[in-house]
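Working notes for the structure below.
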Amino acid sequence: MMHSVCQKILGFLRYYSTILIVLLPPLLFLPLPLLVDGDEALAGYLLILMIIYWCTEVLPLSITGLLPVVLMPLMGLASAKEVTYNYCENTTMLLVGGLIIAIGVEN
């Protein structure tokens, strides 16, 4: 009886492991920026998420690498211009955005 329950739980975890790894860390580490004031806590939160996503590869590494471009302006840590300057010039980022839209239209 207990063995079949464990097998069902393990089967569930294997089947939904990618979804669980994407959704659980943001929720588990949310107390860090909520309980600790300051930009350091927000940056640490973002860093922890990126480390988990990078090590587990639940998201493609290219998407994980671009998370700061989206999340840092949303968190108020830096402007989009400051963040994208560290990646490349504006024209290159415009090209990347165009490629992303083209892939979306293709699909």
Side-chain angles (χ1 to χ4, degrees):
M1 174 78 177
M2 185 64 145
H3 184 66
S4 66
V5 171
C6 290
Q7 284 182 337
K8 287 181 182 180
I9 291 172
L10 286 175
F12 174 82
L13 290 176
R14 279 191 203 113
Y15 189 74
Y16 292 107
S17 64
T18 302
I19 295 170
L20 290 173
I21 293 173
V22 170
L23 296 178
L24 282 181
L27 295 175
L28 290 175
F29 293 104
L30 191 59
L32 176 66
L34 292 178
L35 296 177
V36 180
D37 289 336
D39 292 341
E40 295 85 6
L42 289 171
Y45 178 72
L46 178 60
L47 184 64
I48 290 170
L49 289 182
M50 288 185 64
I51 289 170
I52 291 171
Y53 293 162
W54 194 280
C55 291
T56 58
E57 293 188 23
V58 292
L59 297 175
L61 295 179
S62 56
I63 292 175
T64 302
L66 288 174
L67 280 178
V69 174
V70 176
L71 294 179
M72 286 185 110
L74 288 176
M75 293 177 167
L77 292 173
S79 69
K81 185 175 183 177
E82 293 170 340
V83 176
T84 54
Y85 179 78
N86 294 318
Y87 283 86
C88 51
E89 293 186 18
N90 292 339
T91 54
T92 308
M93 201 49 110
L94 181 65
L95 174 68
V96 169
L99 290 172
I100 292 171
I101 290 173
I103 291 170
V105 169
E106 181 181 331
N107 288 332

Do Leu34 and Leu32 sit in the same hydrophobic cluster, where Ile, Leu, Val, Met, Phe, Trp and Tyr count as joined when their side-chain heavy atoms come under 4.5 Å apart? yes
Can you hop from Leu94 to Val105 via hydrophobic side chains spaced under 4.5 Å? no
Under the 4.5 Å side-chain heavy-atom rule for ILVMFWY, direct or indirect, which residues accompany Leu27? none
How does the hydrophobic cluster around Leu99 look, that is, which other residues are in it when side-chain heavy atoms under 4.5 Å mark a link? Leu95
Can you give me every donor-acceptor pair (side chain of residues 45-72, partner residue at least two apart or in another chain, under 3.5 Å) with its distance?
residue : atom : partner : partner atom : Å
Tyr45   : OH   : Pro26   : O            : 2.8
Tyr53   : OH   : Val22   : O            : 2.6
Thr56   : OG1  : Ile52   : O            : 2.6
Thr64   : OG1  : Pro60   : O            : 3.3

Residues Ala78 and Glu82: closest non-hydrogen pair is CB-OE1, 3.3 Å
Can you name the side-chain contact (heavy atoms from CB on, under 4.5 Å) partners of Ala80, sequence neighbours left out? Pro73
Set of side-chain contact (heavy atoms from CB on, under 4.5 Å) partners for Ser17, sequence neighbours left out: none
Members sharing Leu35's hydrophobic cluster (side chains within less than 4.5 Å): none
If the condition is side-chain contact (heavy atoms from CB on, under 4.5 Å), which residues does Leu10 pass it with, not counting sequence neighbours? Arg14
Residue pairs passing the ring pair (Phe, Tyr, Trp, His ring centres under 6.0 Å) test where at least one lies in residues 13-43, sequence neighbours excluded: Phe12-Tyr16
How close do Pro33 and Leu42 get, heavy atom to heavy atom, and via which atoms? CB-CD2, 3.5 Å
Are Ile101 and Val96 joined in one hydrophobic group, where the rule is that I, L, V, M, F, W and Y side chains link up if heavy atoms are under 4.5 Å apart? no
